[in-house]
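In what follows, a single structure is set out as structure tokens and then discussed.
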Amino acid sequence: MIDYLEFEKPVAALARSAQDLRATGTPEANSEADRLDERAARMIADLYGKLSPWQRTQVARHPQRPRLSTYRAAIAEDWIPLSGDRAYAEDPAIIGGFATIDGRKVVLIGHEKGHDTTSRLTHNFGMGRPEGYRKAIRLMELAGRFKLPVVTLVDTAGAFPGIDAEARGQAEAIARTTEACLALPVPMIAAIVGEGGSGGAVALATASRVLMFEHAIYSVISPEGCASILWRADGTTTNQAALAAEAMKITAQDLLRLGVIDRIVAEPMGGAHRAPQAACAALKAAISEELVMLAEETPAALQAGRREKFLAMGAV
């Protein structure tokens with residue numbers, strides 16, 4: 001069953017009516033239920049054709065949206081996970097290892113948010129600690145040594161802000177990971193698949209090519225956090241968070257126009273959570289195309305290209 005978002009309530013009402021009609025089992029009721037389903041599909045298409053930035057934020061955070069484990073299972077073969085930063089511990093919020101995508105060996109790294117209460121707690125809701133980012137650096141160094149492209153899937157509200165993470169050098173770990181991305185002598189492709197928040201997202205997205213799902217978001221701070229700073233208001237106030245989302249230009253469409261990302265990956269109608277396998281197939285195709293295009297670049301060209309790409313952002 002789909003969990004309907006606040007702005008989808010009219011669709012939810014139609015879906016419930018169709019379900020109740022089908023429960024009667026009569027041909028007439030089934031026919032009417034089919035008509036209601038068609039009407040609901042048209043309503044979804046209309047709603048998703050004109051989503052506001054705040055509505056896209058809700059879609060990007062949908063609890064049923066595919067997670068790293070879903071994408072990995074669908075797009076990667078020969079998965080060999082690698083754990084630990086060889087300095088402190090293993091961080092389950094950031095997963096990485098060797099994989100094969102369309103016959104091409106890669107190092108795959110990403111945030112894992114979890115799909116239910118237990119797994120979300122296990123993976124700390126995808127909020128990485130310093131050891132997670134240092135593990136990512138270790139895997140990137142392996143990728144460079146073995147001349148393997150790096151693919152990252154970004155889905156986090158931000159790096160974990162806890163006292164223990166700060167004590168172990170959270171800011172330094174994020175900075176070093178960003179540095180490692182820029183220095184990679186191999187192709188790197190990053191995909192923002194859900195919520196790309198703060199330096200915790202940038203650390204895994206400083207790539208040769210940055211892809212972004214149609215309804216994902218990517219920003220230096222959450223709309224709620226921005227609202228609490230700008231208006232000194234409760235960040236959970238929907239109206240102010242919606243205003244912040246509009247002003248921050250956090251959508252894929254805005255970020256493509258601003259040159260922050262390079263490509264938008266279309267989602268199934270109604271969002272990736274409605275058809276996870278279709279979303280996985282679209283992501284796999286986009287990553288494969290980008291890997292082919294970057295395959296002939298020399299290490300020096302890849303490093304120079306990343307440097308120029310990020311220095312050009314925000315230039316007048």
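Remember, predicted model here, so these are calculated numbers, not experimental data. By convention here, the first residue in the shown sequence is residue 1.
The number of heavy-atom neighbours closer than 6.0 Å to CD of Glu90, taken from other residues, nucleotides and ligands shown, is above 12. Crowding of Arg138 atom CZ: a count of heavy atoms from other residues, nucleotides or ligands under 6.0 Å exceeding 12.
Partner of Ile75 under the side chain to side chain contact (heavy atoms under 4.5 Å, CB included) criterion, out of Thr100, Ile101, Thr70, Val151: Ile101 alone. Put simply, the residue from Gln303, Arg306, Glu297, Glu290 that forms a side chain to side chain donor-acceptor pair (under 3.5 Å) with Ser208 is Arg306.
Grouping the Ile, Leu, Val, Met, Phe, Trp and Tyr side chains by contacts below 4.5 angstrom, directly or via other members, places Val193 apart from Ile264. No continuous path of ILVMFWY side-chain contacts below 4.5 Å connects Leu302 to Met140, so the two sit in separate hydrophobic clusters. Linking ILVMFWY side-chain heavy atoms closer than 4.5 Å, directly or via other members, places Trp54 and Met248 in two distinct hydrophobic clusters. Residues Leu291 and Leu108 are members of one and the same hydrophobic cluster, defined by side-chain heavy-atom contacts under 4.5 angstrom among Ile, Leu, Val, Met, Phe, Trp and Tyr. Both Ile174 and Val154 belong to a single network of hydrophobic side chains, linked directly or stepwise wherever heavy atoms of I, L, V, M, F, W or Y lie under 4.5 Å apart.
A side-chain donor-acceptor contact under 3.5 Å links His62 to the backbone of Asp3. At distances below 3.5 Å, at least one donor-acceptor pair connects side-chain atoms of His111 with backbone N or O atoms of Gly200. A side-chain donor-acceptor contact under 3.5 Å links Gln64 to the backbone of Met1. Within the 3.5 Å criterion, the main-chain N or O of Gly225 finds a donor-acceptor partner in the side chain of Ser228. Under the 3.5 Å distance criterion, the side-chain polar atoms of Arg67 are matched with a main-chain donor or acceptor of Gly114. Checking side-chain atoms of Arg120 against main-chain N and O of His115 turns up a donor-acceptor pair under 3.5 Å. Using modelled atom types, no side-chain atom of Glu267 and backbone atom of Ala279 make a donor-acceptor pair closer than 3.5 Å.
Taking the six-membered ring where tryptophan is involved, the planes of Phe7 and Tyr48 are tilted, since the angle between them lies from 30° to 60°.
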Stepwise side-chain contact (heavy atoms from CB on, under 4.5 Å) check, Val150 with Val186: CA-CA 7 Å; Val150 173; Val186 295; 4.3 Å; yes
Determine, stepwise, if the pair Ile95 / Arg72 fulfils side-chain contact (heavy atoms from CB on, under 4.5 Å). CA-CA 10 Å; Ile95 306 298; Arg72 179 191 56 74; 5.6 Å; no
Could you go step by step and tell me if Glu308 and Leu311 meet the side-chain contact (heavy atoms from CB on, under 4.5 Å) rule? CA-CA 5 Å; Glu308 292 168 6; Leu311 285 176; 6.0 Å; no
Run the numbers on Asp34 and Ser31 for side chain to side chain donor-acceptor pair (under 3.5 Å), then give the verdict. CA-CA 5 Å; Asp34 289 341; Ser31 179; 5.7 Å; no
Would you check, one step at a time, whether the test side-chain contact (heavy atoms from CB on, under 4.5 Å) holds for Phe98 with Asp78? CA-CA 8 Å; Phe98 295 117; Asp78 306 324; over 6 Å; no
Pair Arg56, His215 - check side chain to side chain donor-acceptor pair (under 3.5 Å), show working. CA-CA 5 Å; Arg56 289 189 194 276; His215 302 311; 2.6 Å; yes
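With sequence neighbours excluded, no residue satisfies side chain to side chain donor-acceptor pair (under 3.5 Å) with Lys284.
Here CZ of Arg39 is found 9.0 Å from OG of Ser17. Values are rounded to the nearest 0.5 Å. With rounding to the nearest 0.5 Å, the separation of CD in Glu112 from OH in Tyr71 is 11.0 Å. Note that OG1 of Thr24 and CG of Asn30 are 6.5 Å apart. Values are rounded to the nearest 0.5 Å. The structure places CG of Leu204 at 11.5 Å from CG of Asp155, a figure rounded to the nearest 0.5 Å. To the nearest 0.5 Å, atoms CG (Leu211) and CD1 (Ile189) are separated by 6.5 Å.
Residues Asp164 and Arg168 are paired through a salt bridge, judged by an N-O separation under 4.0 Å between the basic side chain and the carboxylate. Between Glu141 and Arg86 no salt bridge is recorded (no basic side-chain N to carboxylate O distance below 4.0 Å). Classification of Glu38 and Arg35 as a salt-bridged pair fails, no side-chain N sitting under 4.0 Å from a carboxylate O.
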